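Just so it is clear, the structure is predicted and the values come from calculations on it, not from any experiment.
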There are 2 protein chains.
Amino acid sequence: MRYNDSHKKETEQKITNAALLEFRSNGYHGVGIDGIAKSAGVTSGAFYTHFNSKSDAFLRAIELGLEELNNELARRQGEDTGEWLSEFLEWYLTPPDEANEISKKTLQSFPVQGGCALTTLAPEVCRSGIKAKQAFEKELVTTTSLIKNGLNGGGNREAWSILSGLLGAITLARSVEDNDTAVEILSSVLSTTRALFKQQQ
Amino acid sequence: MRYNDSHKKETEQKITNAALLEFRSNGYHGVGIDGIAKSAGVTSGAFYTHFNSKSDAFLRAIELGLEELNNELARRQGEDTGEWLSEFLEWYLTPPDEANEISKKTLQSFPVQGGCALTTLAPEVCRSGIKAKQAFEKELVTTTSLIKNGLNGGGNREAWSILSGLLGAITLARSVEDNDTAVEILSSVLSTTRALFKQQQ
DNA sequence: GTCATTAGATACTAATCGTTATCTAACAAT
DNA sequence: ATTGTTAGATAACGATTAGTATCTAATGAC
């Protein structure tokens, strides 16, 4: 072998991260191999030494994207101040304060800006094959388990309701032109969900 | 003029309906002009005598799709048995009983099968330009008004929460492979939303 | 019946799609 | 220093993309 193993692994990670970013922003059919490769700083030749196909990279993007969500969730539960759910909901549903002159990359990581795979990839998975759905479901089971374990006596019902509200709110907010309307949608679901699970946390 | 006006209008409607159907099932980038034209039983030449561009047809599909949702909503409120919200939620979130040997076309009209523009087009609108968002928002205002007017003392908050839950539930249910999981998601959001607004209807 | 109009079909453009084949060059091993 | 391996670049494949230009044929008006 000419390069050491870590070099290859790093490139693969760069491409996987780029695939996640591009699929999130543009959708599965909204970006090509060239676009993903360019975003990763390589060419399509490099792409195919690491992935067999576009759909293969999509599967990896699904895994990586939902793992990131699960990590965010677990982290907030770990440093629990007794209000993890409320804080998680607020992080997910509150648009970043642009007055803070936040960097463009940091801005992109906000769910409201399309920075969460749950919201941005789920509609793509709907239109994908069985493999994508299985990959999506596998990670989603972890998400619901985390939520359930963090709630006092909550079951799957509560977890699905929370996740549905989050996904729906972000999608609707990003689908309207007026910023005030978007903020109204987000704060509506935030307060409704908070009220719904006030006791159970 | 060679054909009478109604003939041209009929063709345009066929294409608009096909565009809605195709955009809903495949997403904006998941289908081309040829695909839409073929679905409408014409060729791409006919498409461009009725629409200036693909994005133009998308705008019309957004309008038509959300109008259909608003009609469903208004109809249920019109023949109100005192339970319109509950019935609307059930229609939206209950998978069709396949044992009933329902026709394929009827099956396709169910929201759970991707038959609602709110759920299927919103993620596409997110990634579209300002015109699509304005068109989407314009129709959505009608939807929320209808819901508000049908609730006892409900405001925008309630309407946005209901719509977010519906959108999220359908999207999640369609993103998992296991049918039992999908049913669980749908029934979870159905019961949560029903409980939330039991008094207000 | 002839003619003017035009809805729609056909054929084409340049660009891009996912993928494969070939080539280059950077490195580890000798 | 030479060599073998292979990560990654380059180039090409046929298919498809959105859009345009040209053509055909159906029709109402005369």
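Partners of B:T49 under the side-chain hydrogen bond (donor to acceptor under 3.5 Å, both in side chains) rule, at least two apart in sequence or in another chain, do not exist in this structure. With sequence neighbours excluded, no residue forms a side-chain hydrogen bond (donor to acceptor under 3.5 Å, both in side chains) with A:N26. The side-chain hydrogen bond (donor to acceptor under 3.5 Å, both in side chains) check on B:T94 picks up nothing, with sequence neighbours excluded. Residues passing the side chain to side chain contact (heavy atoms under 4.5 Å, CB included) test with A:T11 are A:H7, A:I15, A:V42, A:H50, sequence neighbours excluded.
The stretch residues 53-60 of chain B touches DNA chain D through B:S53, B:K54, each having a heavy atom within less than 4.0 Å of the strand. Using a 4.0 Å cut-off on heavy atoms, the residues of residues 28-43 of chain B that approach DNA chain D are B:V31, B:G32, B:I33, listed by number.
Distance, A:E12 CD to D:dG8 C1': 14 Å, rounded to whole Å. Between B:N26 atom CG and D:dA18 atom C1' there is a gap of 17 Å when expressed in whole angstrom units. In this structure, the CG atom of B:N52 is 11 Å from the C1' atom of D:dG19, given to the nearest Å. Note: CZ (A:F47) to P (C:dG18) measures 9 Å, nearest angstrom. What separates NE2 of A:H50 from P of D:dT6 is a distance of 13 Å, to the nearest Å. Between the CD atom of B:E22 and the P atom of D:dA18 there is a distance of 12 Å, given to the nearest Å.
By the neighbour-count criterion of 12 heavy atoms within 6.0 Å, atom NZ of B:K38 is sparsely surrounded, having that number or fewer from other residues, nucleotides or ligands.
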Evaluate B:E72 against B:R75 for salt bridge (charged side-chain N to carboxylate O under 4.0 Å, His left out), listing each step before the verdict. CA-CA 5 Å; B:E72 286 283 349; B:R75 192 168 60 78; 3.2 Å; yes
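Note on A:R157 versus B:E184: no salt bridge recorded, every NZ/NE/NH1/NH2 to OD/OE distance being 4.0 Å or above.
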Polar pairs (N or O, both sides) under 3.5 Å between protein and nucleotides 12-14 of chain D?
none

If you restrict it to nitrogen or oxygen atoms, what contacts under 3.5 Å exist between nucleotides 12-14 of chain C and the protein, and what is each distance?
none

Exercise answer: donor-acceptor pairs, residues 165-176 of chain A side-chain atoms, under 3.5 Å, sequence neighbours excluded:
residue : atom : partner : partner atom : Å
A:T171  : OG1  : A:L167  : O            : 2.8
A:R174  : NH1  : A:Q113  : O            : 3.2
A:S175  : OG   : A:T171  : O            : 2.7
A:S175  : OG   : B:A122  : O            : 3.0

Listed pairs under 3.5 Å, donor-acceptor, residues 59-67 of chain A side chains, sequence neighbours left out:
residue : atom : partner : partner atom : Å
A:R60   : NH1  : A:E63   : OE1          : 2.6

Return a table of donor-acceptor pairs under 3.5 angstrom between the side chains of residues 129-139 of chain B and protein atoms on other chains or two or more places apart.
residue : atom : partner : partner atom : Å
B:E137  : OE1  : A:E177  : N            : 2.8
B:E137  : OE1  : A:D178  : N            : 3.0
B:E137  : OE2  : A:T181  : OG1          : 2.9

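Among pairs with a residue in residues 53-80 of chain B, those fulfilling ring-ring contact (aromatic ring centres under 6.0 Å, His included) read B:F23-B:F58, B:Y28-B:F58, at least two apart in sequence or across chains.
Atom CG of residue B:L190 and atom CH2 of residue B:W91 lie 13.5 Å apart, to the nearest 0.5 angstrom.
Using a 3.5 Å distance cut-off with no hydrogens or angles, the side chains of A:T119 and A:Y92 do pair a donor with an acceptor.
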